[in-house]
Structure formats: C-alpha cells, structure tokens
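Accompanying notes for the structure given below.
Nothing here was measured: the structure is a model prediction, and the numbers come from that model. Reminder, nothing fancy here: chain letters follow the sequence lines and each chain counts from 1.
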Number of protein chains: 2
Amino acid sequence: MADSGSKVKKTPFVSAAIEKLRGVGMRITSPRIAILETLDQSDLPLNAYALQEAVTLTGKKVDVVSVYRTLKVLRELDLVHYVQSSDGYLACRLEGEHGSASEMIVCDTCGNVMELDIDPCAMTDLSEQLSSLGFKASRITIEVEGVCKSCDGQ
Amino acid sequence: MADSGSKVKKTPFVSAAIEKLRGVGMRITSPRIAILETLDQSDLPLNAYALQEAVTLTGKKVDVVSVYRTLKVLRELDLVHYVQSSDGYLACRLEGEHGSASEMIVCDTCGNVMELDIDPCAMTDLSEQLSSLGFKASRITIEVEGVCKSCDGQ
DNA sequence: CTCGCTGCAAAAAATTTGCACATTG
DNA sequence: CAATGTGCAAATTTTTTGCAGCGAG
C-alpha cells in the first residue's frame, strides 16, 4: 500500500515524478510519495528537516534519514532544484523542458521562488562566451535574488 | 604584527581585499591575511576545513572557527564566491566589476573554476524577463558545470 | 520471493557559541 | 587603551553509515 491519500488524483508534478522513478526502476513507496506531495505543495524551498516536519504535519511520518536519501535521488533525477539562498529544495515544475538547467528568482522578502523559462543554452551572451571558451556545459544554474513585484511596494 | 611574510608585495586580490576590509573599519590581522593569501593562490574552491589545511601548509596556523568567521565576512564583502558544485569558496578576482554578481564555469573533471565576465544585468534575455516580471534583482549567480577545453580531449 | 527501501541507533562531519586572552588601530 | 578578533572548549546541527525487518513488484 504505497498509496498516499487513497484515490486522490496526483498533481502533474507528482505523477511525472512517479513516472520518472518508475522508469529508472526505483520503487514507489509511501514515504517517497509523501515527500513528493509535500514538496509539491510548498511554495518555499525546504531542507531535510523542514521537509520532514512538513510531512509530519500532513499526518504521515518519515524518518529524516529517508528524507535525505530521497532528496538525493530526486536531485539526481532533476525533480528538485536546490536553492542556494534559501538552503532548501523546491519541486521542479518546469521539469522536462530545460533538462538539467535551472533558473530561478528568489524574493529576499517573502522567500517565494519562481522558475524562469529561459533556455540558458539559448541566452545569446552566455552561450557565445561558453563556446568561445570551448566549454561543454552540462548543467546551468542561475539564481537571482532580489525583491519580487508584490513585495516591492513594501 | 599583522604582516604575512614581511615585505612580500601583495597581489591585486589581497591588496584590494585589505583595502576593502580597512574601508569598512575591520582589522587587518594575520589570520585574515593568511586566509586571503591562501585563497588567492588556490585554483580550486576551498571550504572551511580545506582552507585551514591549506593555510597550515604555508607554515601559518589558524583555527577553523576563525576561518568560518572570516569567510562570512569575505562573503558579505563580495570578496569570495561560494561555488555550489564544489562546496567551496573562491577568491573573487573580477571583484568590483560586476558588483554582487558572479558567473562561473566549473569543470567537473579538473575542478577548475573560471569566472566569466558577462554582466548578467546586460544579458538581454535575462534582464528582459526580470523586468517583465517587475523583479528587482540585487544579486545574480550563474554557475555552469561541464567540461573545460583542456579536459575535453580526455 | 527477492531486492530495494525504511526506520532506528549511532557515528561522523560541519557549523555555531561563550568566554578569557591577545592584538590592532 | 578600547574595541575587535582569536583560539580553545564545548554545544548544536547537519549529514552519513550500518543493519535488521518490511513491503513493492
């Protein structure tokens, strides 16, 4: 019984993640589903302990160790992004579009993170410089900190 | 006596850093100089313990605690960049040019890091999207992982 | 059934804090 | 001299590891 809330229909992120896990031959377990769902419902990046706590609030229970192990897997599958400035992981909802690239803007005030949908490989100035250096990029991370529109008017 | 090696003339990075520290009213102490010089001579990013070890190799001695405290200061003054993929700090040699922006390419093979000299605020695609979102950026970090030219031919 | 995943206990590593003493400016 | 910064000890926090038992496929 690795069913989270029984016949709750999964969100796009969770179903995609499950597919991806299955595709790689990993098992779909209840702790993993709980973690995916919790990540999916969080606006803010969560680190291992915060994630465990958040899962606990939903009534389920996961060991921090499993959170660590699961986060490691999710990161490898590009299902979550690590957000440096918030020290936490965020569900990657644009998954599949830009491969292992992540571009996000993080509001220092409200902490909200928004993924950008620029393809970094297509960013003229950047890719130009990369190719002139003969550098073969395999992963690009762009993190912009600042103040978002709604927080701007204080 | 906060003189590192007596009358050794400081490299641009170290002198600039000292100036910046002085400008903010911070003291120029020997542990700090040792840390700055060690960072300056390292091609690879160093974390607190690696940095302490590296300083020790030069004959000087610093407590890890001081390394942590100093790194914190240097980070605040934008004198070092944190490199996510290597989990370490790197002397910021392009300092002053792009303010609190950092763009670097990290070779997964040799670990070398090179700073790019693109001004992210001028990256057309990026700044366009930021302004259309009404986001006021205060710090931009771009990290590109991949394989550098010299490592490419294996 | 079997192998992967989980929880628990515990070890190891990383980071922080308090405080007396040393040093810089 | 008066802050500031340093080292040392120790507390905390974070992350990793080993292993027996459960559960997904």
Side-chain angles (χ1 to χ4, degrees), chain A residues 1-4 6 10 14 17-38 45-56 58-77 79-80 82-89, chain B residues 1-4 6 14 17-38 45-56 59-77 79-80 82-89:
Chain A
M1 206 272 280
D3 223 65
S4 67
S6 280
K10 307 284 181 259
V14 176
I18 289 180
E19 273 328 295
K20 204 155 184 177
L21 285 171
R22 205 192 305 282
V24 188
M26 311 207 79
R27 292 184 179 172
I28 315 302
T29 67
S30 20
R32 282 183 182 163
I33 294 187
I35 289 173
L36 286 170
E37 292 182 332
T38 302
L46 303 172
N47 59 27
Y49 277 94
L51 188 43
Q52 182 197 33
E53 209 172 296
V55 168
T56 304
T58 72
K60 291 144 201 160
K61 181 170 159 285
V62 202
D63 194 278
V64 204
V65 176
S66 295
V67 177
Y68 275 106
R69 297 193 265 227
T70 299
L71 281 176
K72 189 180 172 197
V73 169
L74 299 183
R75 197 176 15 178
E76 285 165 359
L77 296 178
L79 287 168
V80 292
Y82 177 67
V83 185
Q84 165 65 33
S85 52
S86 325
D87 178 41
Y89 291 88
Chain B
M1 209 271 281
D3 221 66
S4 68
S6 281
V14 177
I18 289 180
E19 272 328 295
K20 205 156 183 176
L21 285 171
R22 207 193 304 283
V24 188
M26 310 207 80
R27 293 184 179 173
I28 315 302
T29 67
S30 20
R32 282 182 182 164
I33 293 186
I35 289 173
L36 287 171
E37 292 182 333
T38 302
L46 303 173
N47 59 27
Y49 278 94
L51 188 44
Q52 182 198 34
E53 209 172 295
V55 168
T56 304
K60 290 144 201 161
K61 180 169 160 284
V62 202
D63 194 278
V64 203
V65 176
S66 296
V67 177
Y68 275 107
R69 297 194 264 229
T70 299
L71 281 177
K72 189 179 172 199
V73 169
L74 299 183
R75 196 176 15 178
E76 285 164 0
L77 296 179
L79 288 168
V80 292
Y82 176 67
V83 185
Q84 167 65 33
S85 51
S86 326
D87 178 42
Y89 292 88

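- A 4.5 Å side-chain heavy-atom check between B:L36 and B:L74 finds at least one atom pair inside the cut-off.
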Mark up nucleotides 3-16 of chain C, 5' to 3', with B wherever a protein heavy atom is under 4.0 angstrom from a base atom, S wherever such an atom reaches only the sugar-phosphate, and - elsewhere.
BBSBBBB----SBB
Which is it for A:L21 and A:V73 under the side chain to side chain contact (heavy atoms under 4.5 Å, CB included) test, yes or no, and what are the steps along the way?
CA-CA 9 Å; A:L21 285 171; A:V73 169; 3.9 Å; yes
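- Note: CD1 (B:I28) to C1' (D:dT4) measures 12 Å, nearest angstrom.
- Counting to the nearest Å, the P atom of D:dT4 and the NZ atom of B:K72 are 15 Å from each other.
- Counting only N and O atoms by type, the side chains of B:R75 and B:Y89 include a donor and acceptor under 3.5 Å apart.
- Atom C1' of nucleotide D:dT6 and atom CG of B:L21 are separated by 15 Å, given to the nearest angstrom.
- Under the 30°/60° scheme for interplanar angles, the aromatic rings of A:Y68 and A:Y49 are found to stand perpendicular.
- With contacts defined as side-chain heavy-atom distances shorter than 4.5 Å, the pair A:S85/A:V83 qualifies.
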